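Structure first, then comments.
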2 protein chains.
Amino acid sequence: MSLSQIEYFVAVADQGNVGRAARALRVAQPAVSRQILRLEDELGAELFVRTPRGMTLSRAGVVFLRHARDILAGVRAAADDVRRLDRADG
Amino acid sequence: MSLSQIEYFVAVADQGNVGRAARALRVAQPAVSRQILRLEDELGAELFVRTPRGMTLSRAGVVFLRHARDILAGVRAAADDVRRLDRADG
DNA sequence: TGAGGTTACGCCTATCGTAATAATG
DNA sequence: CATTATTACGATAGGCGTAACCTCA
């Protein structure tokens, strides 16, 4: 699992389909598709239900999404805190 | 920033030096050294104070360590929850 | 046939390991 | 000189983009 995969996953969950997620991420469609597949493979669970109109979260996906947002928020907080501290006292 | 970098960082913090961390991670010493340097570069802050005996956390490092453990715990929880749910209901 | 997701394939960057190079007590 | 971290360098793996392909209404 990688932070990129988590970011891609959140984008697809938010956008509802891979194409829009890819545009939002400024990346090509297959990059997002592949990373989602890899993530599902590693987790051994389908995070999305594929429909002809796009992808909607599965129950596992709903659970994962909560964690995903926490993890990304944690990463941002970590970087922010370190940078703030470093700016404050060198 | 990558999850590997965060894992390497925690290992060095725990072990007190790069060599032991590398052994614990089953990876060569330079791999760990490089990723720590990259992480510090990206954050714009030194996370460790280098001593001839190893590396000890800087103040920024102490702050980052708390976040790092949270992030890794979040990743584990995300995977565990998804796998448990998937096992429970397919 | 149009909208979407996936697979193939070639390229390019990132990471690794081994080996060599500091630096310090 | 022993211990530890870092840099050099060649090899490999992972990720990307373009293009082709599949599926479904």
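Just so we're on the same page: letters track the sequence lines, and every chain starts at 1. Keep in mind that what you see is a predicted model, and the values were worked out from it rather than measured.
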Go through the steps for B/Arg53 and B/Asn17 under the test side chain to side chain contact (heavy atoms under 4.5 Å, CB included), then give the verdict. CA-CA 8 Å; B/Arg53 315 295 292 269; B/Asn17 77 58; over 6 Å; no
Which is more 5' along DNA chain C, the nucleotide nearest B/Ser2 or the one nearest A/Glu40? Just name the residue. A/Glu40
To the nearest 0.5 Å, how far apart are CZ in B/Arg20 and CD in B/Gln29? 11.0 Å
Report the nucleotide, chosen from D/dG17, C/dT18, C/dT24, that has the shortest atom-to-atom distance to any side-chain atom of B/Pro52. C/dT24
CD1 of A/Ile71 to CD1 of B/Ile6, rounded to nearest 0.5 Å, is 9.5 Å
Just the rounded figure in Å: distance from C1' of C/dC16 to CZ of B/Arg26. 17 Å
Out of C/dC16, D/dT7, C/dT6, whichever nucleotide has its closest atom nearest the side chain of A/Leu37: C/dT6
Pick the closest DNA chain D nucleotide for B/Ile36 and for A/Ser4 by heavy atoms, then say which residue is nearer the 5' end. B/Ile36
Strictly below 4.0 Å, N to O, side chains only: are A/Asp41 and A/Arg38 in salt-bridge contact? no
Check this one for me: any side-chain N or O of B/Arg38 less than 4.0 Å away from OP1 or OP2 of C/dT15? yes
In whole angstroms, the gap separating P of C/dT24 from CG of B/Asn17 amounts to 17 Å
Looking at A/Ser33, does any N or O in its side chain come under 4.0 Å of the phosphate oxygens OP1/OP2 on C/dG5? no
Any idea which of C/dG17, D/dA5, C/dT7 is nearest the B/Met55 side chain? D/dA5
Roughly how many Å is it from CG in B/Leu3 to P in D/dG15, rounded to a whole number? 12 Å
OP1 or OP2 of D/dT23 sitting under 4.0 Å from any side-chain N/O of A/Arg50? no
Please state whether the phosphate of D/dT4, meaning OP1 or OP2, lies under 4.0 angstrom from any side-chain nitrogen or oxygen of B/Gln29. no
Establish whether the base of C/dG17 is bridged to the side chain of B/Arg34 by a donor-acceptor pair shorter than 3.5 Å. yes
Could you give the CZ-to-C1' distance, from B/Arg20 to D/dA5, as a whole number of Å? 14 Å
Specify the separation, in whole Å, of atom CZ of B/Arg23 and atom P of C/dG17. 14 Å
Please report the distance, rounded to the nearest Å, between CG in B/Leu39 and C1' in C/dT15. 15 Å
Within this structure, what is the CD-to-P distance between A/Gln35 and C/dT7, rounded to whole angstrom? 13 Å
Whether B/Phe64 and B/Phe9 hold their rings parallel, tilted or perpendicular, with breakpoints at 30° and 60°: perpendicular
Can you measure B/Leu25 atom CG to C/dC16 atom C1' for me and round it to whole angstrom units? 13 Å
C/dT15 phosphate, OP1 or OP2: any side-chain N/O from B/Tyr8 under 4.0 angstrom? no
